[in-house]
Amino acid sequence: DSKRFGGKVTLVTGGAGNIGLATAQRLAASGSAIALLDLAGDKLDEAVRTVAAAGVTARGYGCDVTDAAGVQAVVDRVAADFGQIDFLFNNAGYQGAFAPVQDYPVEDFARVMTINVCGAFHVLRAVSRHMVARKFGRIVNTASMAGVGGPPNMAAYGASKFAIIGLTQTASKDLAPYNIRVNAISPAFMGPGFMWDRQVELQARVGSQYFSTDPKVVAEQMINSVPMRRYGDIKEIPGVVEFLLGDDSSYMTGVNLPIAGG
Ligand code: NAD
């Protein structure tokens, strides 16, 4: 059934970004109305137009997830505008700096934790209040394989994604009594594009024992660490999110699904 999510409302954070937008498009194609939350700007406006092209109601909400009060206000507005929030794809995130832990910039560590952990918590908290009231909700948090095994030179990002997996587990327990399931996805190397180029470039620049100082070689080293010997395509993520939001995963909560090529 191509309209399996007809009548549903999904809130996607980081909705103007690569993974958020691709997932919003997929859920829109399945019939869900879409609220996109991201930092205000042209990128968000354009993403809304892209999603609306699927023929569903789509609206954009400019909001910084680090602002707890702002997030609550925007989430309340989404619930008022759409009448309900059935699904949350809690996905906004920031990769941070690349440096060994002894040199990792203090301000950037705080920034990564504030966006990735506090931000995801603010959204989860605000949305789950509406879901608890309706005794229905499905939530998918975007973690990362960096939150399963801490990669070198990514102290803040790795710690933040371990935290997302922990938050997913606790929230799944707190919200289970209210018919709300909470799961996570963990993409690994995704490409091509900005995130891939940035991590290849920055890992090379660090010059650690783990990666070459030549970005081309770093790319090969990363690919060679993947059993399937390729990076993932962004388009390989939305179907997994849709599975976790829909009834095919009805007995799953608190899990983290790797999307990592093995
Ligand atoms: P992206 O940069 O394209 O998208 C991230 C979005 O989050 C952007 O649109 C950005 O504006 C938004 N955002 C950042 N800070 C925000 C804030 N304070 N408030 C509101 N919005 C904010 O990157 P992406 O690859 O689409 O990443 C999405 C998620 O996937 C992130 O959580 C990221 O950590 C995770 N992830 C990505 C990869 C990858 O290789 N692309 C791998 C594993 C995990």
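Atoms considered below: every heavy atom in the structure, side chains included; atoms not considered: hydrogens, waters and symmetry mates. When a ligand or atom number is given, it counts from 1 through the structure's own listing order.
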Of the side chain and backbone of Met145, name the one, both, or neither that has a heavy atom under 4.0 Å from an atom of ligand 1. neither
Closest by any non-hydrogen atom to atom 18 (N) of ligand 1: pick that one out of Asp64, Leu39, Val71. Asp64
Hey, does Phe189 come in under 3.5 Å of ligand 1, counting only N/O atoms on both sides? no
Output yes when a side-chain donor or acceptor of Ser160 lies under 3.5 Å from a complementary backbone atom of Met113, and no otherwise. no
Describe, in one word, how the ring planes of Tyr61 and Phe82 are oriented to each other, choosing from parallel (under 30°), tilted (30 to 60°) and perpendicular (over 60°). tilted
Show me which atoms of ligand 1 lie under 4.0 Å from any heavy atom of Ala16. 9 (O)
Atom 19 (N) of ligand 1 has as its nearest protein heavy atom Val65 N, 3.0 Å
Are the aromatic ring centres of Phe87 and Phe5 under 6.0 angstrom apart? yes
Atoms of ligand 1 under 4.0 Å from any heavy atom of Tyr157, numbered from 1 in the order shown, are 33 (C), 34 (O), 35 (C), 36 (N), 43 (C), 44 (C)
For atom 43 (C) of ligand 1, find the nearest protein heavy atom and state the residue, atom name and distance (0.1 Å precision). Pro187 O, 3.4 Å
Please confirm whether the backbone N or O of Ser250 pairs with a side-chain atom of Asp247, one donor and one acceptor, at under 3.5 Å? no
Output yes when the distance from some N or O of ligand 1 to some N or O of Lys43 is under 3.5 Å, and no in every other case. yes
List ligand 1 atoms under 4.0 Å from Thr142, heavy atoms only on the residue side. 29 (C), 30 (O), 32 (O), 35 (C)
Donor-acceptor contact present, side-chain Asp86 to main-chain Val9, <3.5 Å: yes
Backbone, side chain, both or neither: what part of Cys63 comes under 4.0 angstrom of ligand 1, heavy atoms only? backbone
On a heavy-atom basis, I'd like to know which of Gly14, Ala47, Gly93 is closest to atom 14 (C) of ligand 1. Gly93
Report the part of Ala143 (side chain from C-beta onward, or backbone N, CA, C, O) that has a heavy atom under 4.0 Å from ligand 1; answer both or neither where that applies. backbone
Distance filter under 4.0 Å to Ala92 heavy atoms, resulting ligand 1 atoms: 7 (O), 21 (N), 22 (C), 32 (O)
Option of least heavy-atom distance to atom 11 (O) of ligand 1 (set: Ile19, Asn91, Ile185, Asp38): Asp38
With distance as the sole test, does Thr170 use its side chain to make a donor-acceptor pair with the main-chain N or O of Leu167 at under 3.5 Å? no
So, the side chain of Asn91 versus the backbone of Thr13: is there a donor-acceptor pair under 3.5 Å, distance only? yes
Using atom types as modelled and distance alone, determine if a side-chain donor or acceptor of Ser186 lies under 3.5 Å from a backbone N or O of Leu257. no
When you measure from the centre of the six-membered ring of Phe98, is the NZ or CZ of Arg205 under 6.0 Å away and within 45° of the axis? no
Which ligand 1 atoms does Ile115 reach within 4.0 Å, using its non-hydrogen atoms? 15 (N)
Taking the non-hydrogen atoms of Gln95, is any one of them nearer than 4.0 angstrom to ligand 1? no
From atom 4 (O) of ligand 1, is the closest protein heavy-atom distance below 4.0 Å? yes
Spell out, as yes or no, whether a donor-acceptor pair under 3.5 Å connects the side chain of Asp248 to the backbone of Phe243. no
Should the pair Arg138 and Phe136 be classed as cation-pi, given the thresholds of under 6.0 Å to the six-membered ring centre and 45° from the axis? yes
Has Gln203 got a side-chain atom pairing as donor or acceptor with Pro152's backbone, closer than 3.5 angstrom? yes
Of the side chain and backbone of Met195, name the one, both, or neither that has a heavy atom under 4.0 Å from an atom of ligand 1. side chain
Does Ala188 come within less than 4.0 Å of ligand 1, judged by its heavy atoms? yes
